[in-house]
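In what follows, residues are counted from 1 in the order of the sequence shown. All values below come from the heavy atoms of this structure, side chains included, with hydrogens, waters and symmetry mates left out. Please read these numbers as outputs of a predicted model, since none were measured by experiment. As the structure lists them, so they are numbered: ligands from 1, and atoms in each ligand from 1.
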Amino acid sequence: MTRHYLIFGPPAAGKGTQAGALKEHLDVPHVSTGDMFRAHLKGSTELGRQVQDILASGNLVPDSVTNQMVAERLREEDVQGGVLLDGFPRNVPQAAWLDGYLAGRGTRLAGVVVLRVHDDELKARLASRAEKENRSDDADPEVVQLRIDTYKAQSEPCIAYYLEQGLVPVHEVDGVGSLDEVRERIQTAVG
Ligand code: AMP
């Protein structure tokens, strides 16, 4: 049985940081669609040029583009035993696409981790990350608000989708606390 996991959370919930620890715990590679898009931007690839304005605006890249990028990544050798996906799926159509994709390969999700962090804490974290990482999509308060709103409107419904399906354990974890505290909560939840 493969080990395909998801980590969910609003922007600056600590997904990337916690995914780094969780991938060790689960012993699977970490694949972040946000990181993949940023690598394309940095490398000035065709895809990078295509998504540049979308990332800067805080909107989502179209599903067709994102799903294709993920499909290609999931065909690579290192993720055949499983993967920890971070930032994907981001809406219910992507979640349904992923189910179909995995089913076509004779597998399905093993677990979903959801990091819960309230809005005021997110905004404070985004402001400090904007300075440290020089991410333009973290610096503009309107873009930040759009990304938080987009998470609530489009990404949170994925959690209801998985809960309604009842096929995969959904672990909701309090994401406020020290990195170690949150890491331990996640590991306890996932088992
Ligand atoms: P993140 O680092 O996960 O916050 O992603 C940064 C940006 O990449 C997002 O604001 C979106 O523009 C884009 N992005 C990342 N993952 C996805 C996805 N699954 N679907 C659409 N756009 C995405």
Result block: side-chain N/O donor-acceptor pairs under 3.5 angstrom for residues 154-165, not counting sequence neighbours:
unit_1	atom_1	unit_2	atom_2	d
Ser155	OG	Arg90	O	2.8
Glu156	OE2	Arg116	NH1	3.1
Tyr161	OH	Asp99	OD2	2.6
Tyr161	OH	Gln165	NE2	3.3
Gln165	NE2	Asp99	OD2	2.9

Next on the checklist: Can you list everything that forms a side-chain hydrogen bond (donor to acceptor under 3.5 Å, both in side chains) with Arg147? Sequence neighbours excluded, please.
Outcome noted: Asp138

Item to check | Under the salt bridge (Lys or Arg N to Asp or Glu O under 4.0 Å) test, residues paired with Asp180 that sit two or more places apart | outcome: Arg183

Item to check | Check: Arg105/Gln80 side-chain N/O donor and acceptor closer than 3.5 Å | outcome: yes

Next on the checklist: So that I can tick it off, tell me whether Arg38 and Asp35 are bridged by a salt bridge, with the cut-off set at under 4.0 angstrom between side-chain N and carboxylate O.
Outcome noted: yes

Checklist entry - Do the charged groups of Asp86 and Lys23 touch, with an N to O distance under 4.0 Å? => result no

Checklist entry - How would you list, by chain and number, the residues with a heavy atom under 4.0 angstrom from ligand 1? => result Lys15, Thr33, Gly34, Phe37, Arg38, Leu55, Asn59, Leu60, Val61, Thr66, Gly87, Phe88, Arg90, Gln94, Arg135, Arg147

